[in-house]
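Residue numbers begin at 1 in each chain, while the letters A, B, ... track the order of the sequences. Because the structure is a prediction, the values reported are computed rather than measured.
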Protein chains: 2
Amino acid sequence: MPYDPSAFPPFAVTVDLVVLTVRRHSLCALAVRRGEPPFQGRWALPGGFVRADEDLAQAAARELAEETGLCVHDPAAPTQDNGAHLEQLATYGDHERDPRMRVVSVAHLALAPDLPAPRAGGDASNARWAPVEELLEQAGYGRDGEGPAPLAFDHTHILADGVERARSKIEYSSLATAFCPPEFTVGELRRVYEAVWGVALDPRNFHRKVTGTPGFLVPTGGTTTRQGGRPAQLFRAGGATLLNPPMLRPEV
Amino acid sequence: MPYDPSAFPPFAVTVDLVVLTVRRHSLCALAVRRGEPPFQGRWALPGGFVRADEDLAQAAARELAEETGLCVHDPAAPTQDNGAHLEQLATYGDHERDPRMRVVSVAHLALAPDLPAPRAGGDASNARWAPVEELLEQAGYGRDGEGPAPLAFDHTHILADGVERARSKIEYSSLATAFCPPEFTVGELRRVYEAVWGVALDPRNFHRKVTGTPGFLVPTGGTTTRQGGRPAQLFRAGGATLLNPPMLRPEV
DNA sequence: CGTGTTTATCGTCAGGCAGACGACTATGAT
DNA sequence: ATCATAGTCGTCTGCCTGACGATAAACACG
């Protein structure tokens, strides 16, 4: 079959973002309110069209900066502050996922420390951090008036995939540190694992495990009592990205 | 910013396939020869445009069937013969990856047992199983005449990602059975691991591990001597998809 | 028909890691 | 001073893995 420029249909390509953070001991995702049809007024994942001269990762980083002010953590400069982890998640292109036209969305997963008050174009009422449990549960309520509406489009599905990716990836990588400020304690890191997995972990075994894994944590020498109790050592993320052996998530 | 249908640039969307199999103790990928520019005459991954009324997974399954005759293994009917595993791999959309136009390619990973002689539109000389080692090594040779040319476009990169996905996924899932015929022996399964990882495994420890993992293997009652030596028990893949604890890949 | 080769399968043993949990330490709150 | 809160260090036991010896059942060959 010879090449024919008219042989393929045109698509719109967007990036959607699953931005996760840990606030008050629970895993939260960034949601923005849609200002236009379809799904006007409903909550959705942040995202937007990929521009003609942009790579996919660039577009995702641009959207992330627009929505949160976060810069993407450059792996080449790991000491940089205020950086978020960003990676491609999956691509969603069912042919009727957007009623307007044929849209393929390349979803990305971002992990951020808990700091920024959300802003969507400067309007705080149109962006919020919502517990993922709440956002995912809403998919069960189809009837009007029974709790808030689920996310627009197939965003509930995308969010579920992103959460599952984060849950499994902190098992075998040092990605949980992306949820922490630049300096953090072992207890703070443990609370990240507990929030993401939704389980309680033994503080003593956790401490032994993370401090015994070479390259995971680097002590800074300082201590803090910001969590109360006995002062805790402060650490930075070490260079290791893959944990071997992995952290074990307690089954069910 | 209000919705404007002319505000987004049009993209072409394709699916590309990393089809892996194990032949003669080595991991091989399907390559097809390009019949048209750009990269005319060069080897590439199979793939094609997504049609207007097709979902992404449908398009990938269609391309797979066109190139190999394989049907996608339906998880709902696990006893089905001649089925291949198919999953989305990642999406590649750098803005100059195709010199003709803006193309976003949703790459998929397929794992198939060793049976089919490749065919591309009925022409066997335009499709082949090539050892992945060979295909990936060629990326190092930029000079003309120094071995065959590397794959077209960014397909070497896509192939490397697919191989890495397969290598890591057989650690913690039962996916290695997708490389095997419907009934297989422990030794045949071990040779799959050895080919994909490129290492030698201890037959005794491997046997203990796979037969001791509940749900991984189901004995069929039969035996075979097709590998020579003492007759070996035949197994089918069990229902378990996640292996816990995982198979351990020997380091380096 | 024995003998060697090949592959499969079972057993043993030592080391390492994880879960359960006791004990002690250093802060702030009352 | 006492208590509550968190952090840190140890111990013990069971399980899993890697290393490797030993046996079993087929085929090839003289």
What nucleotide, of [options], holds the atom closest to the side chain of [X]?
X	options	answer
L248(B)	dT17(D), dT8(D), dA18(C)	dT17(D)
N205(B)	dC20(D), dT17(D), dA8(C)	dC20(D)
P231(B)	dT8(D), dA26(D), dG19(C)	dA26(D)
P245(B)	dC16(D), dC21(C), dT8(D)	dC16(D)

Looking at [N], does its base get a donor-acceptor pair with the side chain of [X] below 3.5 Å?
X	N	answer
R208(A)	dG19(C)	yes
R230(A)	dT25(C)	yes
R204(A)	dG22(C)	yes

So what does R226(A) hit on the nucleic acid, given a heavy-atom distance under 4.0 Å: a base, only sugar-phosphate, or nothing?
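Result for R226(A) = nothing.
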What is the distance, rounded to the nearest whole Å, between atom [atom1] of [X] and atom [atom2] of [N]?
X	N	atom1	atom2	answer
Q227(B)	dT9(C)	CD	C1'	16 Å
F206(A)	dA6(D)	CZ	P	16 Å
L189(A)	dT8(D)	CG	C1'	16 Å
L234(A)	dA6(D)	CG	P	17 Å
Q233(A)	dT27(C)	CD	C1'	15 Å

Between M247(B) and T225(B), who's closer to the 5' end of DNA chain D by nearest nucleotide?
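Checking each residue's closest nucleotide, the 5'-ward one belongs to M247(B).
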Between [X] and [N], does any side-chain N or O lie under 4.0 Å from OP1 or OP2?
X	N	value
K209(B)	dC16(D)	no
R191(A)	dG7(D)	yes
H207(A)	dT8(D)	yes

Before giving the answer on side-chain contact (heavy atoms from CB on, under 4.5 Å), spell out for F235(B) and T185(B) the whole-Å C-alpha distance, their side-chain angles and the decisive distance to 0.1 Å.
CA-CA 6 Å; F235(B) 295 87; T185(B) 69; 5.7 Å; no
Side chains of T21(B) and D114(B): do they bring a donor and an acceptor to under 3.5 Å?
no
I'd like to know if the side chain of D161(B) pairs up with that of Y92(B) as donor and acceptor (distance under 3.5 Å, no hydrogens or angles considered).
yes
Heavy atoms only: give me the nearest S174(A)-F216(A) pair and the separation to one decimal.
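For S174(A) and F216(A), the tightest heavy-atom pair comes out as CB-CE1, 3.4 Å.
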Salt-bridge present (R236(B), E183(B); N to O < 4.0 Å)
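No, R236(B) and E183(B) are not salt-bridged.
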